J.: 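Below is the structure I would like to discuss, written out as structure tokens.
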Amino acid sequence: MKVLVTGADGLLGSNLVRNLLSKDFEVRVLVHPSSRSKTLNGLNVNKFIGDILEIDSLQPALKNCDVVFHAAASTSVWPARSKKIRAINIEGTRNMVDASIANNVSRFIYIGSASAVRNVVNSDNSESYNKFDLDYIDSKQRAMELVMDASAKGQLNATTILPTFMIGAYDSQPSSGKLILSVAKGNLKFYSNGGKNFVHVKDVAEAATNAIELGENGKYYIAGNENLSYHDFFIKVSKIVGVGEPWFSLPNWVVKSAGAIGSVYGNLTQRPPALSYPMACIGCENHYYNSSDAVTELKMSKTPIDVAISDCYQWFKSEGYC
């Protein structure tokens, strides 16, 4: 079976490709021309250079393809409102949907973000994420709607996987692993009072692969594991990397004030701030999720987050990040 993975050189993509290869799929990868990631080096894949914003560049990779995993996206949260972020996440997904329909792809697995849905438990923000005014979140929500709409119309056999905060090896940017690097380097002294749902990226890759056969058409699955406060998460990280844990929590008003200053700084200098106001607001809330459907229906494993942290840290060390 021929399988195409977009965003194959990212954190999830790199783990997904390895999972697919381990199950003897014939794997194609779509890599952006500007990519410098080395996470796919040495793997038995057919590499295609293309841009999801250029629909004609997608045709060679999609020809005679059976399954598409669309994981390519912009995960940038700065600037908060960005035409580029919207284009990559919305129009890029539209192009992948249209090209997959045109090429009679039999299965389409969209990789979204848990932040795009309202499946938040015990959260101050149980109504909607749109109040944060982040194009990353809004665009991922719109992209998911495009996929689900094509499914509802019978144009595409599609399932959506919505990961929570993924941790693991092959985080070449680095992306989510920045939190772990900050603790390992002693740069993180304080933390906010919120929390996240954390998951090993290998578990998400497993769920996505299993969705080929087990995923229900037109349904989304939240792929997550442990709901942890930032304090509890950083205690785990500190023990694994062998450094002292962050000193103490900051009141929400201090975190949000720092974020507001960061946003002003970013707007004035046109440089990404260390903390923006929307991210400060998110950091003050508990974004906890229930992943029972992915565990039950997609047979997703629930690897302890301590293992995910260790795998991430060991990979960073082997690659000279710390």
Side-chain angles (χ1 to χ4, degrees), residues 1-33 35 40 43-75 88-113 116 139-140 142-163 204-221 223 294 298:
M1 183 179 289
K2 297 180 177 65
V3 176
L4 172 66
V5 181
T6 72
D9 54 345
L11 171 60
L12 176 57
S14 299
N15 283 273
L16 176 58
V17 167
R18 285 167 170 80
N19 190 281
L20 291 165
L21 288 172
S22 73
K23 298 182 179 179
D24 297 324
F25 286 98
E26 183 179 326
V27 181
R28 303 175 178 184
V29 298
L30 185 74
V31 178
H32 194 274
S35 174
L40 300 177
L43 298 182
N44 183 25
V45 297
N46 296 316
K47 183 180 291 188
F48 294 83
I49 305 300
D51 186 340
I52 60 174
L53 293 178
E54 301 292 338
I55 195 166
D56 289 342
S57 73
L58 307 177
Q59 300 305 320
L62 281 165
K63 186 177 180 180
N64 299 322
C65 190
D66 301 302
V67 179
V68 168
F69 288 90
H70 178 42
S74 170
T75 59
I88 293 171
N89 293 347
I90 300 174
E91 298 309 317
T93 299
R94 192 192 309 275
N95 286 343
M96 286 301 304
V97 167
D98 290 346
S100 295
I101 293 171
N103 282 274
N104 298 312
V105 168
S106 61
R107 199 79 172 90
F108 190 94
I109 312 295
Y110 172 64
I111 308 298
S113 169
S139 64
K140 293 295 282 184
R142 178 60 185 139
M144 183 178 73
E145 290 170 354
L146 290 173
V147 175
M148 295 295 96
D149 183 58
S151 171
K153 291 178 178 177
Q155 299 171 321
L156 201 61
N157 185 347
T159 297
T160 295
I161 305 296
L162 303 177
V204 180
E206 176 187 49
T209 300
N210 291 348
I212 297 175
E213 299 292 338
L214 303 178
E216 182 179 332
N217 182 27
K219 182 171 181 175
Y220 69 76
Y221 297 86
L298 302 182

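All values derive from a computational prediction rather than experimental measurement.
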J.: Go through Val67 and Met1 one step at a time and tell me if the side-chain contact (heavy atoms from CB on, under 4.5 Å) criterion holds.
T.: CA-CA 8 Å; Val67 179; Met1 183 179 289; 3.6 Å; yes
J.: Working to the nearest 0.5 angstrom, can you tell me the gap between Leu20 CG and Arg28 CZ?
T.: 13.5 Å
J.: Could you check whether Ser106 and Asp66, counting side-chain N and O atoms only, form a donor-acceptor pair closer than 3.5 Å?
T.: no
J.: Between Lys47 and Val31, what is the shortest heavy-atom contact and its length?
T.: CG-CG2, 4.1 Å
J.: For Tyr110 versus Lys140, what's the shortest heavy-atom pair and its separation?
T.: OH-NZ, 3.4 Å
J.: In the structure I gave you, are the side-chain heavy atoms of Glu26 and Val3 within less than 4.5 Å of one another anywhere?
T.: no
J.: Less than 3.5 Å apart, any donor N or O on the side chain of Arg142 or Thr93 sitting next to an acceptor on the other?
T.: no
J.: Report yes if some heavy atom in the side chain of Met96 is under 4.5 Å from a heavy atom in the side chain of Ile55; otherwise report no.
T.: no
J.: For a quick test of reading the model, state the closest non-hydrogen atom pair linking Ala207 to Leu298 and the distance between them.
T.: O-CD1, 3.8 Å
J.: For Ser35 and Asp9, does a side-chain donor sit closer than 3.5 Å to a side-chain acceptor?
T.: yes
J.: Which pair of heavy atoms, one from Glu216 and one from Tyr221, lies closest together, and at what distance?
T.: N-OH, 3.0 Å
J.: Taking Ser57 for the side chain and Gly50 for the main chain, is one N or O donor matched with an acceptor at less than 3.5 Å?
T.: no
J.: Looking at every heavy atom in both Gly112 and Pro163, which two are closest together, and how far apart are they?
T.: O-CD, 3.2 Å
J.: By salt bridge (charged side-chain N to carboxylate O under 4.0 Å, His left out), which residues pair with Asp98, not counting sequence neighbours?
T.: none
J.: Would you compute the distance between atom CD of Glu206 and atom CG of Asn19 and round it to the nearest 0.5 angstrom?
T.: 6.5 Å
J.: Quick one: salt bridge (charged side-chain N to carboxylate O under 4.0 Å, His left out) partners of Arg94, sequence neighbours excluded?
T.: Glu91
J.: Find the distance between OG1 (Thr160) and CZ (Phe108) and round it off to the nearest 0.5 Å.
T.: 8.5 Å
J.: Which heavy atom of Phe48 sits nearest a heavy atom of Pro60, and at what distance?
T.: CE2-O, 3.6 Å
J.: If I take atom CG from residue Leu43 and atom CZ from residue Arg18, how far apart are they, to the nearest 0.5 angstrom?
T.: 4.5 Å
J.: Taking the side chain as C-beta and beyond, is there a heavy-atom pair between Leu62 and Leu30 under 4.5 Å?
T.: no
J.: Would you say the side chain of Ile101 lies within less than 4.5 Å of the side chain of Val105, judging by non-hydrogen atoms?
T.: no
J.: Short question: side chain of Asp51, backbone of Leu53 - any donor-acceptor pair under 3.5 Å?
T.: yes
J.: Among side-chain atoms of Arg107 and Asn157, is any donor-acceptor pair under 3.5 angstrom?
T.: yes
J.: Between Val29 and Val27, is there a side-chain heavy-atom distance shorter than 4.5 Å?
T.: yes
J.: Under the side-chain contact (heavy atoms from CB on, under 4.5 Å) rule, what do Ile111 and His70 come out as? Steps first, then yes or no, please.
T.: CA-CA 6 Å; Ile111 308 298; His70 178 42; over 6 Å; no
J.: Report yes or no: do Asn89 and Ser74 form a side-chain donor-acceptor pair below 3.5 Å?
T.: no
J.: Between atom CG of Leu4 and atom SG of Cys65, what is the distance when rounded to the nearest 0.5 Å?
T.: 5.0 Å
J.: Any side-chain to backbone donor/acceptor pair from Asn103 onto Ala99? Under 3.5 Å, distance only.
T.: yes
J.: Once salt bridge (charged side-chain N to carboxylate O under 4.0 Å, His left out) is applied, do any residues pair with Glu54, and if so which ones, sequence neighbours excluded?
T.: none
J.: Backbone N or O of Lys219 within a donor-acceptor pair of the Thr159 side chain at under 3.5 Å?
T.: no
